[in-house]
Amino acid sequence: MTEGTTTSAAAEAGDTLTSLEQEGEIAADYLEGLLDIADLDGDIDMDVEADRAAVSIISDSGGRDLQKLVGRDGEVLEALQELTRLAVHRETGDRSRLMLDIAGYRAKKRQELSELGAKAAAEVKSSGEPMKLKPMTPFERKVVHDAIKSAGLRSESEGEEPQRFVVVLPA
């Protein structure tokens with residue numbers, strides 16, 4: 001690798017980070033406006049995780065009001081994430097893969113799903129039989145696939161949305 005190539009790769013990585021930070025800023029502005037309209041209190045935290053912008057709405061008061069923005073099984077959160085991605089797309093012209101978390105819902109869900117994936121992998125290792133899990137959202141499936149992979153097994157997604165599910169396969 002030449003010095004010019006190294007410098008170019010570093011500049012490209014810097015451009016990507018700047019672009020993701022810009023996505024986070026646009027998303028934060030959009031979400032602040034939403035919180036104002038809904039008359040809800042919340043602080044916005046921005047980060048870059050796994051090559052995507054991550055925005056969280058958190059509350060010092062325990063987040064009971066913010067639970068309205070999560071909804072049952074995260075349905076409202078998913079809708080708000082899509083609306084926020086559209087707002088970013090409108091400003092930048094680029095498709096966004098931004099992740100939104102509200103009141104720690106997605107972080108807690110990620111932990112639960114990692115444990116589910118690890119348990120399913122252990123069961124498949126002991127039984128030697130494939131195991132089908134319940135239907136999940138793309139986010140949920142990704143977390144479970146990662147947990148199964150880290151346990152040393154393979155998994156696949158089958159079915160059609162919204163009934164798409166993970167199948168854990170023996171080694």
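Using a cutoff of 4.0 Å between basic side-chain nitrogens and carboxylate oxygens, E140 and K109 are scored as salt-bridged. Salt bridge annotation for R106-E78: present, with a cationic side-chain nitrogen under 4.0 angstrom from a carboxylate oxygen.
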### side chain to side chain contact (heavy atoms under 4.5 Å, CB included) evaluation trace for E32 with I44
CA-CA 8 Å; E32 282 176 5; I44 307 234; 3.8 Å; yes
### Message
Please determine whether side chain to side chain contact (heavy atoms under 4.5 Å, CB included) holds for the pair V143 and I148, giving the CA-CA distance in whole Å, both sets of side-chain angles, and the decisive distance to 0.1 Å.
### Response
CA-CA 9 Å; V143 173; I148 292 165; over 6 Å; no
### Task
Under the side chain to side chain contact (heavy atoms under 4.5 Å, CB included) rule, what do L100 and L77 come out as? Steps first, then yes or no, please.
CA-CA 7 Å; L100 175 63; L77 170 60; 3.8 Å; yes
### Task
Let me see the working for V124 and L169 under side chain to side chain contact (heavy atoms under 4.5 Å, CB included), right down to the final yes or no.
CA-CA 7 Å; V124 169; L169 304 168; over 6 Å; no
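Across every non-hydrogen atom of K125 and A151, the tightest pair is NZ-O, 2.6 Å. When all heavy atoms are compared, the tightest approach of A121 to V168 is CA-CG1, 4.3 Å. Among all heavy-atom pairs drawn from G24 and A53, the shortest one is N-CB, 4.1 Å. L35 and G42 get closest at one heavy-atom pair: CD1-O, 3.9 Å. Nearest heavy-atom pair, G159 versus R164, reported as atom, atom and distance to 0.1 Å: O-NH1, 2.7 Å. Heavy atoms only, all atoms of each residue included: L133 and A120 are closest at CD2-CB, 4.1 Å.
Cation-pi geometry between R141 and F165 is not satisfied (NZ or CZ under 6.0 Å from the ring centre, within 45° of the ring normal).
Side chain of D101 to main chain of Y105: a donor-acceptor pair is present (N/O by atom type, distance under 3.5 Å, no hydrogens or angles). The closest donor-acceptor contact from the side chain of S56 to the backbone of I58 lies at 3.5 Å or more, if one exists at all.
Put simply, the side chain of P170 reaches to within 4.5 Å of the side chain of P130, judged on heavy atoms. Looking at heavy atoms from C-beta onward, Q81 lies out of side-chain contact with F139 at the 4.5 angstrom threshold.
The CD atom of E123 lies 9.0 Å from the NZ atom of K119; values are rounded to the nearest 0.5 Å. Separating the CD atom in E49 from the CG atom in L20 is a distance of 11.0 Å, to the nearest 0.5 Å. In this structure, D29 CG and T84 OG1 are separated by 11.5 Å, a value rounded to the nearest 0.5 Å. Of the inter-residue distances, the one linking R85 atom CZ with Y30 atom OH reads 13.5 Å to the nearest 0.5 angstrom. Considering CG of L34 and CG of L40, their distance stands at 8.0 Å, rounded to 0.5 Å. One distance of note links CG of L98 with CD of E82; it measures 10.0 Å at 0.5 Å rounding.
Applying the 6.0 Å contact sphere to CG of D36 captures more than 12 heavy atoms from other residues, nucleotides or ligands. Atom CG of D41 sits in a sparse spot, with 12 or fewer heavy atoms from other residues, nucleotides or ligands closer than 6.0 Å. Residue-environment remark: CD (E160) stays at or below the threshold of 12 foreign heavy atoms within 6.0 Å. Within a 6.0 Å sphere centred on NZ of K149, heavy atoms belonging to other residues, nucleotides or ligands number 12 at most.
Residue V88 forms a side-chain contact (heavy atoms from CB on, under 4.5 Å) with just one option from E23, Q22, R95, and that option is E23.
I26 and I57 fall into different hydrophobic clusters, where Ile, Leu, Val, Met, Phe, Trp and Tyr are joined by side-chain heavy atoms under 4.5 Å apart, directly or via other members. Residues V166 and M131 share a single hydrophobic cluster, defined by chaining ILVMFWY side chains whose heavy atoms lie under 4.5 Å apart. L86 and M99 fall into different hydrophobic clusters, defined by Ile, Leu, Val, Met, Phe, Trp and Tyr side-chain heavy atoms under 4.5 Å apart, directly or through other members. Linking ILVMFWY side-chain heavy atoms closer than 4.5 Å, directly or via other members, places L153 and L113 in a single hydrophobic cluster.
Counting only N and O atoms by type, the side chains of S155 and H145 include a donor and acceptor under 3.5 Å apart.
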